[in-house]
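The structure appears below as structure tokens.
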Number of protein chains: 4
Amino acid sequence: MEIQLWREILDPYSLAVNELIVKFNHIIEEYRRKGSYSPIELVTGRVKTISSILEKAQKKNIALDDIEEKIDDIAGIRIICQFVEDIYKVVDIIRHRSDMTIKSEKDYIEKMKKSGYRSYHIIVYYDVETLKGSKRLQVEIQIRTLAMNFWATIEHSLQYKYKQNIPEHIRKRLSSAAEAILILDREMSVVRDEIMDAQNSFTIKANM
Amino acid sequence: MEIQLWREILDPYSLAVNELIVKFNHIIEEYRRKGSYSPIELVTGRVKTISSILEKAQKKNIALDDIEEKIDDIAGIRIICQFVEDIYKVVDIIRHRSDMTIKSEKDYIEKMKKSGYRSYHIIVYYDVETLKGSKRLQVEIQIRTLAMNFWATIEHSLQYKYKQNIPEHIRKRLSSAAEAILILDREMSVVRDEIMDAQNSFTIKANM
Amino acid sequence: MEIQLWREILDPYSLAVNELIVKFNHIIEEYRRKGSYSPIELVTGRVKTISSILEKAQKKNIALDDIEEKIDDIAGIRIICQFVEDIYKVVDIIRHRSDMTIKSEKDYIEKMKKSGYRSYHIIVYYDVETLKGSKRLQVEIQIRTLAMNFWATIEHSLQYKYKQNIPEHIRKRLSSAAEAILILDREMSVVRDEIMDAQNSFTIKANM
Amino acid sequence: MEIQLWREILDPYSLAVNELIVKFNHIIEEYRRKGSYSPIELVTGRVKTISSILEKAQKKNIALDDIEEKIDDIAGIRIICQFVEDIYKVVDIIRHRSDMTIKSEKDYIEKMKKSGYRSYHIIVYYDVETLKGSKRLQVEIQIRTLAMNFWATIEHSLQYKYKQNIPEHIRKRLSSAAEAILILDREMSVVRDEIMDAQNSFTIKANM
């Protein structure tokens, strides 16, 4: 497929990502305006690169024509929370929105992956408007705590480096780290209630 | 002091913060362009609010005329790293720059505060250009890991809520959390070398 | 009305403005990706300040409870085009979108205001999603050329200074300027067709 | 030359552009904070693309090793003003800054180019800090009114399309347009004094 055709395909996905970043960031503002604690700490997003799409298609034996249907994370939104409880609050907010429809959910927090990976994944259908008319897309929303994100970021780099074959001794380190994060998230949850009513926003950006 | 006068005083500090965010973000780009690992993960900054400045001045018995000299964190930059080792790499980069002069350094990582707080603090002198000419300012640069930042953010909220008198049982939770972070940072350090040579940037934003 | 209540009212309008800026900017990108000329050159937006809203309510004798219904420019989007013809192309694009519904249109280009003001105004209904559910808002979209915008900006400043009573000699200058802009826009329209097929984007930002 | 090497060369120029955009935008803020009229309306910047650099090098017979010395617009800043008089005010501000040194100035406003092009060009030396140490670069600063910018943008597109050979009948249209802009700028200058003291900022963004 030509690069120009790829760009045409991916273009609406980048629009979806930009719109959703604006929308989820606005939720943070809505909470802060009320002077209350926001369950969302940070929102990021990306469109999958062409090479990652091709790699995934090959690995999963997906025909080029089925890519948009079968690869459901071409558009990805990541929502970072401070506490584990916040994740379920965010899931609840997403479930009640009328501008997106949930296709599926996976709770890798309750049921951690063998590797130690934890996150909540939601696939939604979301409509964007293009010059050719309206188009319905799939978007993957990943919700996780700062600590889970830190772990996943590092594991991703190692997967990339070792092409899925991470050596045993490193795998063990990752496991211990995942363990420490479980403890950290648990200790922090206890103080969460103490913070919930604080009339004060405490974002990465704001509170130096 | 009138609000207009305060704005005039704080204006150059906000310029300094904006310039330094551009400069430190460019360091991330420099590393990535070379295809190598960046010791800086994220840069944020802020100018202290007027009310925080007044509060600090009162607490430390500082006369209004001495504020700019004696309050050295009116402009604040925060640099977030992935690994403890990265912090010292960043300190080294700052020491070698010719566009800022180090006034003082405090290593709260080697020597953790009693509360559990860990971070590396540097006060620098930095020149900005205003319509009235050049002006030398003090800027505080805080360098810490993601996990240390998470802890400090939560502790800050609790300090704010309890006006410095955090109850004992919460203080204990914060201590356990600080402990878990120490372990986490230690486990992660071991895998750092594995990642250093990966031809791949792994930022919060980029690697979904 | 309390400031906190005002913020609650205005909050969804700022979300609408942010979403629409993303959406109209994406149209520019869609054209450029295809390598063709974009009828939109620049998109800006703003939410009316509380004091402007109050002033308008007083002047037009609007009760506080009717403000959201009767003041239709609380949220404002401005679309800047290079050529007069582009304005009508943009109007056409807006008419065909399914994510907004046109309430009314006013063509002050065909029918210039006495002052010399020229612009195309569209009021649309647009839905945003808040924590309390979905909300339908009015948004004013102003479409004009760069030259018309320049004139309107200056006239606005003079209106503001003279509180609607611009002295006669200045009013005359504004008229001559409006005349020069009419000529300019006409001369430029002739070269528009020459540019339409150029495989090159020529934005304020891009082409130095 | 390899793409990687080009990136290494161009990297400091993009840093310079980003720093200067922050600095010139801050001048706007300084004026607005004082509640007075800003001579700068808008600031943009760009780094020349590799292909444009190569094209210029070939056309002017510049050896690859001399590119950084002889091509003085690799980094470009464009400052847009509302009135012709503002341009000279901005030139004056630049002359008095201590963070850049003027290498040369060209006044194409007093002395319009044959094509009708008008702008004030300044080449400055500006220092940036890289991981390898400090580096002195050349930056071209173009200062012009909104109307001049409009004209130059369109002429640039036509130059690009006709590869420098714009047909005579189009050239004539451009001349008439340049004429209309001269008149427009003259009429507007008269009202400038009226605006100078208005306690109100009137930017493209702010005054809808």
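Just so it is clear, the values below take in all heavy atoms, side chains as well, and ignore hydrogens, waters and symmetry mates. First the proteins, then the strands, lettered A, B, ... as listed; each starts at 1.
Taking 4.0 Å as the cut-off between side-chain N and carboxylate O, K48(B) and D73(B) count as a salt-bridged pair. A salt bridge links E68(A) with K135(A): the closest approach of a Lys/Arg side-chain nitrogen to an acidic carboxylate oxygen falls below 4.0 angstrom.
Every residue meeting the side-chain contact (heavy atoms from CB on, under 4.5 Å) condition with D107(A), not counting sequence neighbours, appears here in chain and number order: Y88(A), I109(A), E110(A), Y120(A).
At a heavy-atom separation below 4.5 angstrom, chain A is approached by A180(B), I181(B), I183(B), L184(B) within residues 178-186 of chain B.
One side chain, E140(A) or Q142(A), offers a donor N or O that lies under 3.5 Å from an acceptor on the other. Side chain to side chain, S189(A) and E85(A) meet the donor-acceptor criterion of an N or O pair below 3.5 Å.
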Step by step, work out the side-chain hydrogen bond (donor to acceptor under 3.5 Å, both in side chains) result for E8(B) and Q4(B). CA-CA 6 Å; E8(B) 199 180 322; Q4(B) 188 58 23; 5.9 Å; no

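At a 4.5 Å heavy-atom cutoff, A147(B) makes no contact with chain A through either its backbone or its side chain.
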